[in-house]
There are 2 protein chains.
Amino acid sequence: MQDQKSASPAGANLLFLREAEIRAAQDMLFFAYRDFTNAADVILEELGLGRAHHRVLHFIGRNAGMSVGDLLAVLRITKQSLARVLGALIEDGYVAQAQGRADRRQRLLTLTAKGEDLERRLFERQRERIVRAYREAGPAAVDGFRRVMRGIMDDDAHAFVDTADLARETVRKG
Amino acid sequence: MQDQKSASPAGANLLFLREAEIRAAQDMLFFAYRDFTNAADVILEELGLGRAHHRVLHFIGRNAGMSVGDLLAVLRITKQSLARVLGALIEDGYVAQAQGRADRRQRLLTLTAKGEDLERRLFERQRERIVRAYREAGPAAVDGFRRVMRGIMDDDAHAFVDTADLARETVRKG
DNA sequence: AAACTAAGACAGGATTGTTGACGTAGACTA
DNA sequence: TAGTCTACGTCAACAATCCTGTCTTAGTTT
């Protein structure tokens, strides 16, 4: 109870790190994630799929041709947890497997046309939210958002995000 | 595949809303939430508690004296889902109930000393991440982060965040 | 008195995650 | 080439977290 620095003359550098600010960040991460993921649930429910299926569709779409091991590393779940979800997506024709050329043990994952279609529908729901938030906040705020989010995640997630960014840059300039 | 605006001379106002930017936001929300929530898992596991327990502790701590109904509205889960988790926390002595004065049907929830203690330990783990992220990004970025997160969540979550902010302001100036 | 509301409880089920063990095919290495 | 390691799949059992639906009790409201 004595951590209130009500009379502190400290500048913004110190002030914005006060406990209440950190707790507000906890709140925001919860609410933003809750409502962002919820946005796609209506479509998923119609198809008898869950959020786990959406995550798999998302990352395969983002990283076409990734191996099962890559996907496990990104999702940070066990092989058995993924098996159920991925198996259902393959059986329903949303995801296709191809034997790796360099390493034939690998099963490289891609979205089928049907899978791309579904992923896009799911994406559009979430897109609305991000677009609204980005528009209201403005470009400078978006840059700040990215920098903070980057700092919150583990360093090894930076690699994934940076790779995706790099791929985007490559396509943009190619 | 034809949504790449590689040769577009559009300014930042339009450019930052390109699809790839939105998809990057999806990635970031996933990774940041994944790693942020994971930060407290070590402590929780020792006590045989899960993330659901942490969420309950967090929001009761943030909003001492809230009713069960309030908590259900914030968490957006069913009464039955909450019952197990809340019941365990009460039985273990982390959370206390008190009959409402205005409405005696209500059970107003507060953290016990033991509950505050645990919540603080859990908080410290997550605090490190936020502090690091905020420090690296700087005050301007933090402001942007807040604005964007606010835009992503539902409007009715704004009320909660604003209320918490207001309470903070009140305490600060009191 | 009747209708509504807050909370708790019981029964049953779905999703998503876990650990552990085992098998196959392919890659690597001594 | 033989032995070892790796990528993937699979079977079994289990745990956490969520769900729907129904019912009861107590207290509030009209």
Side-chain angles (χ1 to χ4, degrees), chain A residues 30 33-34 37-38 40-60 65-92 95-110, chain B residues 30 33-34 37-38 40-60 65-92 95-110:
Chain A
F30 173 77
Y33 192 78
R34 181 196 69 175
T37 54
N38 183 253
D41 281 356
V42 184
I43 298 171
L44 290 168
E45 200 175 10
E46 284 175 4
L47 300 169
L49 302 175
R51 289 178 183 174
H53 301 88
H54 187 187
R55 286 194 288 274
V56 168
L57 287 173
H58 169 76
F59 283 111
I60 296 176
M66 75 192 305
S67 70
V68 173
D70 290 342
L71 187 53
L72 286 173
V74 167
L75 296 174
R76 292 240 188 114
I77 58 176
T78 58
K79 200 167 39 164
Q80 293 73 12
S81 294
L82 178 59
R84 263 190 310 257
V85 174
L86 185 56
L89 290 173
I90 290 170
E91 191 168 351
D92 292 354
V95 171
Q97 288 174 313
Q99 197 172 49
R101 286 162 303 175
D103 186 337
R104 286 184 301 171
R105 291 172 304 179
Q106 293 183 331
R107 300 286 174 270
L108 305 183
L109 304 168
T110 51
Chain B
F30 173 78
Y33 192 78
R34 180 194 71 177
T37 53
N38 183 254
D41 281 355
V42 184
I43 298 172
L44 290 167
E45 200 175 11
E46 285 174 3
L47 300 169
L49 302 175
R51 288 178 185 175
H53 302 87
H54 187 188
R55 287 194 288 272
V56 169
L57 287 173
H58 169 77
F59 282 111
I60 295 177
M66 74 193 307
S67 70
V68 174
D70 289 343
L71 188 53
L72 287 172
V74 168
L75 294 173
R76 293 238 187 114
I77 58 176
T78 60
K79 202 166 38 165
Q80 294 73 15
S81 294
L82 177 60
R84 261 189 313 262
V85 174
L86 184 56
L89 290 173
I90 291 170
E91 193 168 353
D92 293 356
V95 172
Q97 288 174 313
Q99 199 173 47
R101 286 162 303 174
D103 188 336
R104 286 183 302 171
R105 291 171 304 180
Q106 293 184 330
R107 301 285 174 269
L108 306 184
L109 304 167
T110 51

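Since we're looking at a predicted model, the values are computed, not measured. Naming convention: chains lettered A, B, ... in sequence-line order (proteins, then strands); numbering from 1 in each chain.
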Quick note, A:Gln99 side chain, CB onward, closest among C:dG26, D:dT28, C:dG17 is C:dG26

* Within the structure shown, what part of the strands sits under 4.0 Å from A:Glu45 by heavy-atom distance: base, sugar-phosphate, or nothing? -> nothing

Less than 3.5 Å between a donor and an acceptor, one on the side chain of B:Gln80 and one on the base of C:dG8, is that the case here?
no

Has A:Gln97 got a side-chain N or O lying under 4.0 Å from the OP1 or OP2 atom of D:dG9?
yes

Task: Phosphate OP1/OP2 of C:dA27 contacted by A:Arg104 side-chain N/O (<4.0 Å) - done: yes

Of the listed C:dA6, C:dG17, D:dG9, the closest approach to the A:Ser81 side chain comes from C:dG17

A:Asp103 has its side chain closest, among D:dC19, C:dG26, C:dG17, to C:dG26

With the side chain defined as heavy atoms from C-beta on, B:Ser67 is closest, among D:dC8, C:dA7, C:dT16, to C:dA7

Closest to the side chain of B:Ala52, out of C:dG17, C:dG8, D:dT17, is D:dT17

Shortest non-hydrogen pair, B:Val74 vs A:Phe30, comes out as O-CE2, 3.6 Å

Does A:Gln99, at its CD atom, have more than 12 non-hydrogen atoms belonging to other residues, nucleotides or ligands within less than 6.0 Å?
yes

* Asked: Considering only heavy atoms and no angle criterion, is a donor-acceptor pair shorter than 3.5 Å present between the side chain of A:Arg105 and the base of D:dT6?
  -> yes

(Q) Within the 4.0 Å heavy-atom criterion, would you say B:Arg51 contacts the bases, only the backbone, or no part of the nucleic acid? (A) sugar-phosphate

